[in-house]
Amino acid sequence: MTSSSDRSHDVRSPKTYAIRTYGCQMNVHDSERLSGLLEDAGYVRAPKDADGADVVVFNTCAVRENADNRLYGNLGQLAPQKAARPGMQIAVGGCLAQKDRDTIVKKAPWVDVVFGTHNIGKLPVLLERARIQEEAQVEIAESLEAFPSTLPTRRESAYAAWVSISVGCNNTCTFCIVPALRGKEKDRRPGDILAEVEALVAEGVSEITLLGQNVNAYGSDIGDREAFSKLLRACGKIEGLERVRFTSPHPRDFTDDVIAAMAETPNVMPQLHMPLQSGSDRVLKAMRRSYRQERFLGIIEKVRAAMPDAAISTDIIVGFPGETEEDFEQTLHTVRESRFAQAFTFQYSKRPGTPAADMEDQIPKAVVQERYERLVALQEEISWEENKKQVGRTLEVMVAEGEGRKDDATHRLSGRAPDNRLVHFTRPEEPVRPGDMVTVDITYAAPHHLLAEGPARSVRRTRAGDAWEKRNAAPQEKPKGVLLGLPTIGAPAPAPAPAAGCGCD
């Protein structure tokens with residue numbers, strides 16, 4: 001453990017930190033808060049090319065069967081590095097930490113801190129306590145101590161931001177362990193949410209994504225069933241806020257007032273992620289999903305009637321226990337009818353601690369794989385057909401940072417259309433920055449992206465671009481990306497619009 005001489009060295013040289021994030025957007029946003037907490041405590045982010053950080057934090061996800069194997073494998077790789085670096089610390093937080101608790105330190109005794117989903121604000125204190133007492137600190141709160149948005153935050157983007165409106169979930173889906181780890185839904189007050197959004201816009205942010213495990217159930221905790229639609233409309237009145245998105249809703253709570261608010265609020269984008277999970281009524285019942293195929297397709301129909309250009313994406317689980325070929329065909333039928341722009345397809349994986357993990361009729365791996373491949377092929381075909389409808393359209397694209405992996409080689413830039421489709425476009429003659437807006441004509445479509453190969457129609461420099469430029473002019477390390485850990489359909493798609501809750505909504 002750390003000696004007194006190590007601690008005296010720490011005063012002269014700020015400690016560095018690195019955070020490794022897995023799972024949903026809730027974890028991604030939690031990691032922004034962990035960064036803010038550590039920097040408030042005097043730590044600095046480790047350079048990307050550094051040999052190692054003084055503090056390594058794993059922000060874990062527990063919804064996949066092999067999540068713990070991956071964690072212990074990563075911890076094992078760090079063990080010799082920690083042994084060779086006196087004073088180095090390792091912390092494990094997130095959903096897997098909430099679930100496994102003392103098991104982590106027993107399996108990996110070189111870990112210094114284990115903290116849960118409800119007390120992320122304690123990380124700096126726990127690190128210091130572990131350093132002083134020279135023993136591992138395990139602290140798991142059973143309920144939320146303070147709403148996470150009250151904590152300092154180091155945002156990964158200067159132009160786009162997550163804003164949590166609720167934490168936890170009141171559903172009891174048999175495949176999902178999130179409610180057990182995140183707790184019951186707890187809503188923020190609307191005024192607090194809007195104050196955060198306004199503060200972000202004042203800093204230059206022009207796009208926000210409202211975030212919750214079941215985002216459109218917002219209001220159940222405060223007794224207002226129309227609270228979410230009211231929140232969307234209120235966001236529409238914030239000057240300088242150009243784009244509003246949200247993820248992930250639940251079909252059970254997706255009401256007509258929300259559709260109307262989306263259609264009638266200009267800065268709410270024509271994009272919807274609506275988790276299906278299965279098209280079979282029998283399987284949906286076994287999953288404890290409180291809707292059926294007809295209800296789901298009815299929502300899709302209403303959304304398309306109100307917003308013809310909306311891009312709709314979804315989550316689908318293949319091979320849930322007891323799923324028959326007939327059940328799977330119902331899923332394929334629902335996919336054909338829904339015409340999703342994109343689908344996040346999951347092969348069913350046992351989540352330890354969930355009712356589905358103990359169900360009979362677990363489907364053989366080979367059967368699940370074959371069905372999965374058929375679903376992927378169908379959705380790939382539909383995604384391409386839907387993207388081809390965009391050819392010839394003129395779109396205003398928000399320039400993004402780091403979303404075009406081949407931009408340097410192709411001399412292009414990349415960004416997001418209003419419906420969140422990824423667009424690669426010819427680099428304009430005038431300089432543009434992430435957060436700026438470029439109007440382009442779409443000339444080609446692939447299943448996972450669009451191309452605009454001609455000259456840009458116009459470039460609009462924005463306050464968001466100014467914010468990006470200001471941040472990158474400062475003497476600090478450029479923000480690193482996070483590992484979303486989300487499966488895609490077919491070939492990996494660059495940064496698609498994923499679902500909060502790891503497909504559990």
Quick check: does any side chain N or O of [X] sit under 3.5 Å from a backbone N or O of [Y], one acting as donor and the other as acceptor?
X	Y	result
Tyr218	Leu231	no
Asn267	Leu241	yes
Thr426	Glu453	yes
Gln98	Thr117	yes
Asp253	His250	no
Thr314	Met274	yes
Asp436	Val399	no
Arg304	Ser338	yes
Arg463	Val205	no
Tyr17	Glu39	no

Can you name the closest pair of heavy atoms from [X] and [Y] and give their distance?
X	Y	answer
Val244	Cys235	CG2-CB, 4.0 Å
Val114	Ala97	CG1-CB, 3.9 Å
Asp187	Glu185	OD1-OE2, 2.7 Å
Phe254	Arg295	O-NH2, 3.1 Å
Pro275	Pro249	CD-O, 3.2 Å
Arg245	Ala417	NH2-O, 3.3 Å

Decide salt bridge (Lys or Arg N to Asp or Glu O under 4.0 Å) for Arg460 and Glu396; before the verdict, give the C-alpha distance in whole Å, the side-chain angles of both, and the deciding distance to 0.1 Å.
CA-CA 9 Å; Arg460 177 162 63 88; Glu396 186 173 55; 3.2 Å; yes
Would you kindly say whether [X] and [Y] are connected by a side-chain donor-acceptor distance under 3.5 Å?
X	Y	result
Asn387	Arg421	yes
His273	Thr247	no
Glu401	Ser157	no
Arg252	Asn171	yes
Asp54	Thr16	yes

Can you sort out the partners of Arg427 under side-chain hydrogen bond (donor to acceptor under 3.5 Å, both in side chains), two or more places apart, ordered by chain and number?
none
Salt-bridge criterion met for Lys388 and Glu385 (N-O under 4.0 Å)
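Salt bridge flag = no for Glu385 with Lys388.
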Glu196 and Arg188 ion-paired at < 4.0 Å:
yes
Pairwise side-chain contact, [X] with [Y], heavy-atom cut-off 4.5 Å (strictly under):
X	Y	answer
Ile316	Gln277	no
Leu451	Phe425	no
Leu34	Phe115	yes
Ile238	Leu194	yes
Tyr372	Phe346	no
Thr462	Asp466	no
Val92	Leu71	yes
Leu450	His424	no

Derivation and outcome, side chain to side chain contact (heavy atoms under 4.5 Å, CB included), residues Met88 and Leu78
CA-CA 10 Å; Met88 180 182 175; Leu78 282 183; 4.2 Å; yes
Which of these passes side-chain contact (heavy atoms from CB on, under 4.5 Å) with Tyr159: Arg243, Met398, Glu203?
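Passing option: Met398.
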If you measure from [atom1] on [X] to [atom2] on [Y], what distance do you get to the nearest 0.5 Å?
X	Y	atom1	atom2	value
Asn216	Leu210	CG	CG	11.5 Å
Arg457	Thr439	CZ	OG1	8.5 Å
Asn214	Cys169	CG	SG	5.0 Å
Ile317	Arg289	CD1	CZ	7.5 Å
Ile120	Asp30	CD1	CG	4.0 Å
Glu242	Ile208	CD	CD1	13.0 Å

Residue pair His29, Leu211: steps toward the side chain to side chain contact (heavy atoms under 4.5 Å, CB included) verdict:
CA-CA 9 Å; His29 192 24; Leu211 193 59; 3.9 Å; yes
More than 12 heavy atoms of other groups within 6.0 Å of Glu301 CD:
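Result for CD/Glu301: open.
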Check whether more than 12 heavy atoms from other residues, nucleotides or ligands sit under 6.0 Å from atom CZ of Arg339, and answer yes or no.
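Yes - once you tally the heavy atoms of other residues, nucleotides and ligands closer than 6.0 Å, there are more than 12.
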Partners meeting ring-ring contact (aromatic ring centres under 6.0 Å, His included) with Phe246 (sequence neighbours left out)
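By the ring-ring contact (aromatic ring centres under 6.0 Å, His included) rule, Phe246 matches Phe228.
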Sorted by chain and residue number, the side chain to side chain contact (heavy atoms under 4.5 Å, CB included) partners of Arg393 (sequence neighbours excluded) come out as Asp309, Gln390, Leu395
